[in-house]
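Pasting a structure below so you can have a look.
Everything numeric here is computed off the predicted structure, so don't read it as measured data.
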Amino acid sequence: MRFNRIFKNTYKYMGPSVLIAMVATILGFTALFISPVPMIADFGKTLTLGLAVSFLAALIILTTNLYIRDKYFCDHTAAKACQLPPENKWLETMLAKLTKLVLSKKFLILTICLAITVWGFFGDTNVGVQTDIETFMPQDTPELVEIREFRDLMGSTDQLTIMVQGPDLLDDKNLEWVETLTTGVENQFPEIIDSTVSITGLFGETVDNETLTKQNMSDFLDDLPETQRKLFIDEDRQTTIITLNIARLENDSAKTFINDLNQYLADNELQGIESTVTGQAVIDAEMLSALTSGRMEMSLLGIGLVFLGLLLIYRSFLKAIVPVFPISLIIGWSGGAMYLLGLDYTPLTATMGALIIGIGTEFTILLMERYFEEKAKGASKEEAMVTTVSKIGQPILASGLTTIGGFSALLFSDFLILREFGIVTLLNITFCLISALVVLPPLIIMLDRKKTKSVSAVNPA
């Protein structure tokens with residue numbers, strides 16, 4: 001019966017807090033669902049599923065194993081059998097002293113934290129975005145070295161395609177326009193376009209002393225092998241392509257060039273002819289932009305969802321805002337830290353806002369729940385907070401440090417994108433611990449205006 005009571009109390013008092021923390025974390029991760037990139041949305045879904053499975057595993061498997069161990073594998077007649085390790089009194093004392101110091105300087109600490117947040121948001125605007133895939137790889141990778149050598153020899157390995165469509169593409173006027181466009185784009189963007197390949201260019205290089213007319217082009221296409229003809233024009237002869245061999249461009253430069261090229265086509269369009277810029281370079285530019293854009297929107301959505309979720313659960317503005325506010329500050333701290341360290345946003349670090357909210361909210365909710373539990377026992381606000389941080393602060397600190405230890409493995413990766421993701425993750429988990437242990441205590445003390453109940457009122461005789 002003793003064991004049944006212990007585990008019932010565990011589920012009764014700890015279970016709801018952990019469940020609420022899990023729900024809030026899931027709501028934070030839900031912000032990733034709005035990403036236009038399927039891989040980021042799927043990442044959020046995987047995090048959500050993994051978190052739910054972890055909660056069930058802790059609730060069922062962990063507690064069951066502990067129950068079996070204590071009931072069937074411990075000799076409770078022995079004096080020292082199955083005892084828990086001694087408490088870390090030094091850590092408890094240190095956390096208690098830290099909390100007392102924080103509470104005594106609460107106005108100064110909150111002012112400094114807010115100032116750092118504001119500065120961090122300004123610094124975040126100066127953080128660059130790195131979307132060049134080649135920079136993510138180990139720079140001595142043989143394949144990367146070889147493609148750069150090939151690029152030095154050939155001048156270009158990247159291409160864009162202009163797709164030209166029209167009902168009578170081989171009309172003399174249309175053919176002349178295609179030829180003019182082929183030479184025009186090369187002259188318009190000489191520093192970017194190395195060379196162009198088109199059906200009219202091939203005709204000029206292959207056929208001597210022939211005028212570019214509909215009949216001559218038809219005869220020329222008829223003489224081409226089918227496999228080669230398909231590279232330039234479709235069977236109905238209503239769609240052709242102009243291939244642009246372009247210099248290697250970073251994502252921002254590539255997007256600018258694509259926009260300028262589209263504008264050039266619009267300025268030189270021919271009635272009845274439709275021209276479209278397409279190709280792998282266009283897809284890559286849009287994909288990488290989508291990966292790194294909208295990070296602030298995802299963060300704000302995550303904060304809003306967590307706040308609304310907690311408001312529905314607690315029906316209390318205080319309990320809804322207290323766990324969210326300290327984590328909101330971290331978004332500014334993270335941007336400022338990246339600015340100071342000279343780090344750029346990548347497709348991985350751009351998702352950190354939602355991860356911060358998900359991870360950090362768990363810490364703040366557990367601390368808040370324990371605070372109100374201690375206060376309900378009759379302790380004053382200050383006493384309840386000191387007890388809360390000194391007791392539950394230990395497992396939170398242990399959880400944060402073990403998470404930091406796990407992500408530290410990324411620091412040794414040869415891939416820059418993983419190494420920088422590891423650095424930013426370690427910083428943000430550290431910020432989550434600071435926000436929970438330093439920012440939340442003075443915040444909750446200042447916002448909690450409800451008087452402490454007397455012990456007799458809490459536990460009536």
Looking at Lys375 and Asp448, is any side-chain nitrogen of the basic one under 4.0 Å from a carboxylate oxygen of the acidic one? yes
How close do Ile396 and Leu433 get, heavy atom to heavy atom, and via which atoms?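 What the structure gives for the nearest pair is O-CD2, 3.6 Å.
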Could you check whether atom CD of Gln228 has more than 12 heavy atoms from other residues, nucleotides or ligands sitting under 6.0 Å from it?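 Count over threshold, so yes.
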Would you check if the side chain of Asn245 reaches a backbone N or O of Asp194 as a donor-acceptor pair within less than 3.5 Å? no
Find out whether Phe407 and Ile423 are in side-chain contact, i.e. whether some heavy atom of one side chain is under 4.5 Å from a heavy atom of the other.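 In short, these two side chains do not touch, never coming nearer than 4.5 Å.
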Would you say Ser334's side chain and Ile331's backbone share a donor-acceptor pair under 3.5 angstrom? no
Starting at CG of Leu244, measure out to CD1 of Ile162 and round the result to the nearest 0.5 Å.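 Leu244 CG to Ile162 CD1: 4.5 Å, rounded to 0.5 Å.
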How close do Ser198 and Ile242 get, counting heavy atoms only, and between which atoms?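 Result for this residue pair: CB-CG1, 4.0 Å.
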Would you say the side-chain atoms of Glu420 pair up with the backbone N or O of Ile417, donor to acceptor, closer than 3.5 Å? no
Shortest non-hydrogen contact from Leu411 to Arg419?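 So the two residues come closest at O-CD, 3.2 Å.
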Is any side-chain heavy atom of Tyr339 less than 4.5 Å from a side-chain heavy atom of Phe122? no
For Leu95 against Val389, the heavy-atom pair lying closest together: CD1-O, 3.5 Å
Nearest heavy-atom neighbours spanning Pro323 and Leu310: CG-CD1, 3.8 Å
What's the spacing between Thr99 OG1 and Ile445 CD1 if we round to 0.5 Å?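 The OG1 atom of Thr99 sits 10.0 Å away from the CD1 atom of Ile445.
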Under the side chain to side chain contact (heavy atoms under 4.5 Å, CB included) rule, what do Phe325 and Leu329 come out as? Steps first, then yes or no, please. CA-CA 7 Å; Phe325 182 78; Leu329 301 183; 4.1 Å; yes
Partner of Ile112 under side-chain contact (heavy atoms from CB on, under 4.5 Å), chosen from Leu114, Ile109, Leu108, Leu110: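 Between Ile112 and the candidates, side-chain contact (heavy atoms from CB on, under 4.5 Å) is satisfied uniquely by Leu108.
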How many angstroms lie between CG in Asn428 and CD1 in Ile356, if you round to the nearest 0.5 Å? 3.5 Å
Rounded to the nearest 0.5 angstrom, the CD1-CG distance for Ile321 and Leu311 is 9.5 Å
Within the 4.5 Å heavy-atom criterion, are Tyr314 and Ile365 side-chain neighbours or not?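 Counting from C-beta outward, Tyr314 and Ile365 do come under 4.5 Å.
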Please check if any side-chain donor atom of Asn259 sits under 3.5 Å from a side-chain acceptor atom of Tyr264, or the reverse. no
Report the distance from atom CE of Met94 to atom OG of Ser390, rounding to the nearest 0.5 Å.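 Rounded to the nearest 0.5 Å, the CE-OG separation comes out at 11.5 Å.
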Tell me, with the steps shown, if Leu447 and Phe317 meet side chain to side chain contact (heavy atoms under 4.5 Å, CB included). CA-CA 10 Å; Leu447 294 180; Phe317 179 81; over 6 Å; no
Quick check: closest heavy atoms across Thr403 and Ser399, and the distance to 0.1 Å? OG1-O, 2.8 Å
Testing the 3.5 Å rule here: is there a donor-acceptor pair between the side chains of Thr346 and Thr349? yes
Check: Leu265 and Leu181 side chains under 4.5 Å, non-hydrogen atoms: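 When only atoms from C-beta onward are counted, Leu265 and Leu181 do touch, with a gap below 4.5 Å.
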Would you say that Ile444 contacts Phe372 through its side chain, given a criterion of any heavy-atom pair below 4.5 Å between the two side chains? yes
Donor-acceptor pair, distance only, cut-off 3.5 Å: does the side chain of Thr161 make one with the backbone of Met163? no
Hey, are the side chains of Val439 and Pro442 touching, using non-hydrogen atoms and a 4.5 Å cut-off? no
Ile303 side chain reached by Ile327 side chain, heavy atoms, under 4.5 Å: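 They are not in side-chain contact.
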What verdict does the side chain to side chain contact (heavy atoms under 4.5 Å, CB included) test give for Lys377 and Glu374, after you've listed the backbone C-alpha separation in whole Å, the side-chain angles of each residue and the deciding distance to 0.1 Å? CA-CA 5 Å; Lys377 295 177 182 179; Glu374 293 295 329; 3.6 Å; yes
Would Thr196 and Glu186 count as a side chain to side chain donor-acceptor pair (under 3.5 Å) if you check the C-alpha gap in whole Å, the side-chain angles of each, and the deciding distance to 0.1 Å? CA-CA 7 Å; Thr196 57; Glu186 193 169 353; 3.2 Å; yes
To the closest 0.5 Å, what do you measure between CZ (Phe29) and CD1 (Ile357)? 10.0 Å
Heavy atoms from other residues, nucleotides or ligands near NZ of Lys106 exceed 12 (cutoff 6.0 Å): yes
Worked check of side chain to side chain contact (heavy atoms under 4.5 Å, CB included) between Leu91 and Leu397: CA-CA 10 Å; Leu91 182 56; Leu397 192 60; 4.0 Å; yes
Within the 4.5 Å heavy-atom criterion, are Thr387 and Tyr371 side-chain neighbours or not? no
Side-chain H-bond candidate by donor/acceptor type, Thr243 with Gln159, under 3.5 Å: no
